[in-house]
Amino acid sequence: MNEADRLKAFEERIRRGEKIEPGDWMPDEYRRQLIRMISQHAHSEVVGMLPEGAWITRAPNLRRKLVLLAKVQDEAGHGQYLYHAAETLGATREEMIEALLSGRAKYSSIFNYPSLSWADMGVIGWFVDGAAILNQTMLARCSYGPYSRANIRISAEESFHMKQGKEQVILMSQGSPLQRSMVQDAANRWWWPTIMMFGPHDHDSPNSPVLIRWGIKTKTNDQLRQDFVNQVAPEVLELGLSLPDPELHFDQASGNWLIGPIDWDEFWRVVKGDGPCNAERMAARRKAHADGEWVREALAGYAERQPAA
Amino acid sequence: MKDTQWPIYQVFHQEQPDRPHTNAGAVHAPDAELALQNARDVFVRRPDCVSLWVVPADQIFSLTAEEIERAGLPPTPAGNGDSQRYLVFLKRTQAGSHEHVGAVSASSGPAALGEAVRSFGTEEALVWWVVPEGLVERTDAAEVGSLFGPAKDKPYRDQAFYHTTTLMRQIRGRPRQET
């Protein structure tokens, strides 16, 4: 079989809804796009522990502390599921972690914004995890088997993340004037960064057509973004909160909640490393890696001394 | 010392005593004992596990339906006489994971794959995995309580713990508050 026939057979498999598994033939570009996407997704889970991890010691009560600990622990696990999915394509965890620590790898720009008050723990859960769930529910249908399975597992666990956050926003929005102003402030700060999480508009997203063609993604950035706004905006308004977009309105004709223009200059600034917390996040990851080195050394030393099985 | 991430172990978990062990994903670990520990931490944060197995990933012999269609069945190498047992795992549905279905005896990994395909039939699976049974590290039945018990005391990890739909409904039924 020549290359063109193989590609044709591969694309027919995708059209039939088959999953591609390690060992199966796949185009180099399919492999390259998946490694790029999955490693960025993994890094996002790992860096995503930082904005919330900072609030574990300052949780207002034991229930909230247990919930936040459990959520951050889940993110660590999700990073591991995803690194493994990328490894099945020939990437090694060593090189992926090295790419993250050296600053070459990208991760979701949302995590370069600071978490300034406890109310952010609610809003991050509802907005940021809510947005992530829409993306991951789509990726659970991905044509690549190991990535699809990782996302099925992640999506099942992540609905708890979204609902614990939404519960907090609901309760704070019905609370004291100070609680209401805290949660309004958090919503104001996180709304646009969350909208930007879905990435550039479809017409500015060069990878989109090939990702859709090969069943890696089944919805475009703009479709997912619209799903998110439709889901979240009306409920935020029902709570008596506002969103920082004077153009936000329900459009009868399309049945969609429409938003005003997105500040893409800000998006690209943060993606390219000049966000409020990029340097802080990377410094925290490098420190965690360096601080764990003696543990890795001790375990390796112990394993070496064990008699061969 | 080189700062390695250690070898990969594939992890199989069992959700109920009457269900097969199913592939959950993989972990890195310096040895099988720690691979089990890491597998517990990474894959059993919720109460749906009664047993875990780990297997060194580089000892798994794998074959996919696509490989068979593209290149035919690989030739079965002649045995050297010493046969051992291999556990067989099949991925049988597009969306599913690799499930433990039984064992075969063979003199090598490739021979075990051929044996597995013959025993279970090419129509039966999308991916075949075989692994020497002696290399499978399993959780000890005596440790099940201490390993998997803690996940049972954390109902707040379940989305059903949060009554957001009820709360939203109550708020919709109330007059709007002044902000």
Engineer: How far does NZ of A/Lys166 sit from OG1 of B/Thr165, to the nearest 0.5 angstrom?
Structural biologist: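 OG1 of B/Thr165 is found 6.0 Å from NZ of A/Lys166.
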Engineer: With respect to B/Gln159, which candidate in A/His161, A/Glu158, A/Lys163 satisfies the side-chain hydrogen bond (donor to acceptor under 3.5 Å, both in side chains) definition?
Structural biologist: A/Lys163
Engineer: Taking side chain as everything from C-beta outward and backbone as N, CA, C, O, which of these in B/Arg157 sits under 4.5 Å from a heavy atom of chain A? Side chain, backbone, both or neither.
Structural biologist: both
Engineer: What do you reckon, is CZ of A/Arg16 surrounded by more than 12 foreign heavy atoms closer than 6.0 Å?
Structural biologist: yes
Engineer: Verify the ring-centre separation between A/Phe160 and B/Tyr156: is it less than 6.0 angstrom?
Structural biologist: no
Engineer: Answer yes or no: is there a side-chain heavy-atom contact under 4.5 Å between B/Thr164 and A/Trp126?
Structural biologist: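 When only atoms from C-beta onward are counted, A/Trp126 and B/Thr164 do not touch, as no gap falls below 4.5 Å.
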Engineer: Where does B/Leu34 contact chain A at under 4.5 Å (heavy atoms): side chain, backbone, both or neither?
Structural biologist: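 Just the side chain, heavy atoms under 4.5 Å.
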Engineer: Looking at B/Ala57, B/Ser97, B/Gly134, which makes the most heavy-atom pairs under 4.5 Å with chain A?
Structural biologist: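 Most heavy-atom pairs within the cutoff with chain A belong to B/Ser97.
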Engineer: May I ask you to name which of A/Thr92, A/Thr88, A/Asp24 has the most heavy-atom pairs under 4.5 Å with chain B?
Structural biologist: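 Most heavy-atom pairs under 4.5 Å with chain B: A/Asp24.
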Engineer: Chain B heavy atoms under 4.5 Å from A/Tyr83: which part of the residue, side chain, backbone, both or neither?
Structural biologist: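 Nothing of A/Tyr83, per the 4.5 Å heavy-atom cut-off to chain B.
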Engineer: Show your reasoning for whether side chain to side chain contact (heavy atoms under 4.5 Å, CB included) applies to B/Val27 and A/His84.
Structural biologist: CA-CA 7 Å; B/Val27 293; A/His84 161 63; over 6 Å; no
Engineer: Go through the atoms of B/Glu69 and report whether side chain, backbone, both or neither lie under 4.5 Å from a heavy atom of chain A.
Structural biologist: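 No part of it gets close to chain A.
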Engineer: Please classify the contact of B/Val127 with chain A as side chain, backbone, both or neither, using a heavy-atom distance under 4.5 Å.
Structural biologist: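 For B/Val127, side-chain heavy atoms alone lie under 4.5 Å from chain A.
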Engineer: Can you check whether A/Glu238's main-chain N or O pairs, donor with acceptor, with B/Arg172's side chain at less than 3.5 Å?
Structural biologist: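 No: the side chain of B/Arg172 does not pair with the backbone of A/Glu238.
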Engineer: What distance separates B/Arg46 CZ from A/Arg153 CZ, expressed to the nearest 0.5 Å?
Structural biologist: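 So the gap between those two atoms works out to 10.0 Å.
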Engineer: Distance-only, no hydrogens or angles: does the B/Glu66 side chain make a donor-acceptor pair with backbone N or O of A/Trp25 under 3.5 Å?
Structural biologist: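 Yes, the answer is positive, given that a donor and an acceptor are paired below the 3.5 Å cut-off.
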Engineer: Relative to chain A, which segment of B/Glu137 carries a heavy atom at a distance below 4.5 Å: side chain, backbone, both, or neither?
Structural biologist: neither
Engineer: If you take all heavy atoms of B/Arg174 and A/Gln174, which pair is closest and at what distance?
Structural biologist: NH2-OE1, 2.9 Å
Engineer: Between A/Glu167, A/Gln184, A/Arg93, which shows the greatest number of heavy-atom pairs under 4.5 Å with chain B?
Structural biologist: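 Among the listed options, the one with the most contacts to chain B is A/Arg93.
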Engineer: Is the CZ atom of A/Phe250 crowded by more than 12 outside heavy atoms at less than 6.0 Å?
Structural biologist: yes
Engineer: Hey, which of A/Ile170, A/Asp74, A/Val67, A/Ile20 has the most heavy atom pairs under 4.5 Å with chain B?
Structural biologist: A/Asp74
Engineer: Mind ranking B/His28, B/Lys154, B/Glu33 by heavy-atom pairs under 4.5 Å with chain A and telling me who comes out on top?
Structural biologist: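 The answer is B/His28.
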Engineer: What residue, out of A/Gln80, A/Arg13, A/Gln164, has the most heavy-atom pairs lying under 4.5 Å from chain B?
Structural biologist: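 If we count pairs closer than 4.5 Å to chain B, A/Gln164 comes out on top.
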Engineer: Measure distances from B/Ile8 to the heavy atoms of chain A and classify the residue's part below 4.5 Å as side chain, backbone, both or neither.
Structural biologist: side chain
Engineer: What part of A/Ser159 is in contact with chain B, defined as an atom under 4.5 angstrom from a non-hydrogen atom: side chain, backbone, both or neither?
Structural biologist: both
Engineer: Spell out, as yes or no, whether a donor-acceptor pair under 3.5 Å connects the side chain of B/Gln94 to the backbone of A/Lys19.
Structural biologist: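 Side chain of B/Gln94 to backbone of A/Lys19: a pair is present.
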Engineer: List the atom of B/Thr64, the atom of A/Pro22, and the distance in Å for their closest heavy-atom pair.
Structural biologist: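 Minimum heavy-atom separation between B/Thr64 and A/Pro22: CG2-O, 3.4 Å.
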Engineer: Taking atom NZ of A/Lys8 as the centre, does the number of heavy atoms from other residues, nucleotides or ligands within less than 6.0 Å exceed 12?
Structural biologist: no
Engineer: Can you confirm whether the side chains of B/His98 and A/Glu21 place a donor and an acceptor under 3.5 Å from each other?
Structural biologist: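 Per modelled atom types, B/His98 and A/Glu21 side chains form no pair under 3.5 Å.
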